[in-house]
Amino acid sequence: MAGVSDSPPIRVLIVDDDALVRAGLTLMLKGAADLLVVGAVADGGEVQAAVDQYAPDVVLMDIRMSGLDGIEATRRLRGRPGAPEVIVLTTFDADEHVFRALRSGASGFLLKDTPPEGIVDAIRRVVGGEPILSPSVTRRLIAHLVPEEESRRRADARMVLARLSEREHEVALAVGQGKPNAVIAAELHMSVGTVKGYISRILTKAALDNRVQLALVVHDAESSS
């Protein structure tokens, strides 16, 4: 790939309690010149020490592990300053635990049977600030939650969006539709840098960690009663 050698490789940490999965992911990612697997651990409880040791840019995080699960490990990791991005790995695309992991600060999720090029692309995208989030799958995940929780979350989300300016609201809706910055910029007739500035201000106003959480807030606010 042209220009890949001009930048340092994206550092990846793999977290999975299946040794074959760890080995398979490591071997597969070695095929991408701009990615570097810096470490692999078998339990969520090992994540923070591994991050300190290897300084990854992205963590591929299994959800179901025999020790500390990926949801709690993600929550703890993303609560740290300067935490790496987290992509959750799962076997089932309708697993409500994935939804909880996204709310814990993960940048998205992938199925473990995603083709190699899809996993590589996802890693590159989250480093570039784009979420790996399927609106259709998100709607199925939301359906798993109890009505009372969904109703409360919907009201909270609408209050968050009500605090935004008209322009911020437009940007937030575009993020909720999964549009990348370049597309938002073109549609709203502003520069990509201006879009990034708006997103940063929105996240601060809404006390959110990343644009995936913002997209979920938009989905909550727009869901029907």
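Side chains are part of it too, since the values below use all heavy atoms of this structure and drop only hydrogens, waters and symmetry mates.
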Return all side-chain donor-acceptor pairs below 3.5 angstrom for residues 113-121, not counting sequence neighbours, or 'none' if the list is empty.
residue	atom	partner	partner atom	Å
T114	OG1	L111	N	3.4
T114	OG1	L111	O	2.7

Side-chain ([X]) to main-chain ([Y]) donor-acceptor, under 3.5 angstrom:
{"X": "D16", "Y": "R22", "answer": "no"}
{"X": "S200", "Y": "K196", "answer": "no"}
{"X": "R158", "Y": "D220", "answer": "no"}

Could you work out, with salt bridge (Lys or Arg N to Asp or Glu O under 4.0 Å) as the rule, every residue matching E46, not counting sequence neighbours? none
Of all residues at least two apart in sequence or in a different chain, which pass the salt bridge (Lys or Arg N to Asp or Glu O under 4.0 Å) check with K205? E168
I'd like to check [X] versus [Y] (side-chain heavy atoms, cut-off strictly below 4.5 Å). Are they in contact?
{"X": "P84", "Y": "L77", "value": "yes"}
{"X": "D34", "Y": "P9", "value": "no"}
{"X": "V15", "Y": "M65", "value": "yes"}
{"X": "L89", "Y": "I63", "value": "no"}
{"X": "I199", "Y": "N181", "value": "yes"}
{"X": "L36", "Y": "V12", "value": "no"}
{"X": "V58", "Y": "V127", "value": "yes"}
{"X": "L60", "Y": "I123", "value": "yes"}

Start with the C-alpha gap between L35 and K30, add the side-chain angles, then the distance that decides, and say whether side chain to side chain contact (heavy atoms under 4.5 Å, CB included) holds. CA-CA 7 Å; L35 304 184; K30 283 183 177 178; over 6 Å; no
Closest non-hydrogen atom pair, [X] against [Y]:
{"X": "S66", "Y": "D17", "value": "N-OD2, 3.2 Å"}
{"X": "A221", "Y": "A157", "value": "N-CB, 3.6 Å"}
{"X": "A174", "Y": "I184", "value": "CB-CG1, 3.6 Å"}
{"X": "Y54", "Y": "L13", "value": "CD1-CD1, 4.2 Å"}
{"X": "D43", "Y": "L68", "value": "OD1-N, 3.0 Å"}
{"X": "L161", "Y": "A172", "value": "CD2-CB, 4.3 Å"}

Using 0.5 Å steps for rounding, measure from the [atom1] atom of [X] to the [atom2] atom of [Y].
{"X": "M61", "Y": "E85", "atom1": "CE", "atom2": "CD", "value": "12.0 Å"}
{"X": "L188", "Y": "Y198", "atom1": "CG", "atom2": "OH", "value": "9.0 Å"}
{"X": "E187", "Y": "E170", "atom1": "CD", "atom2": "CD", "value": "10.5 Å"}

Just to verify, what does R11 make a side chain to side chain donor-acceptor pair (under 3.5 Å) with, not counting sequence neighbours? none
Set of side chain to side chain donor-acceptor pair (under 3.5 Å) partners for R163, sequence neighbours left out: none
Are [X] and [Y] within salt-bridge range, i.e. N to O under 4.0 Å?
{"X": "R64", "Y": "D69", "answer": "no"}
{"X": "D62", "Y": "K112", "answer": "yes"}
{"X": "R124", "Y": "D57", "answer": "no"}

Those residues that, when tested against Q213, pass side chain to side chain contact (heavy atoms under 4.5 Å, CB included) (two or more places apart): L208, D209, N210
Before giving the answer on side chain to side chain contact (heavy atoms under 4.5 Å, CB included), spell out for V86 and S107 the whole-Å C-alpha distance, their side-chain angles and the decisive distance to 0.1 Å. CA-CA 5 Å; V86 176; S107 298; 5.6 Å; no
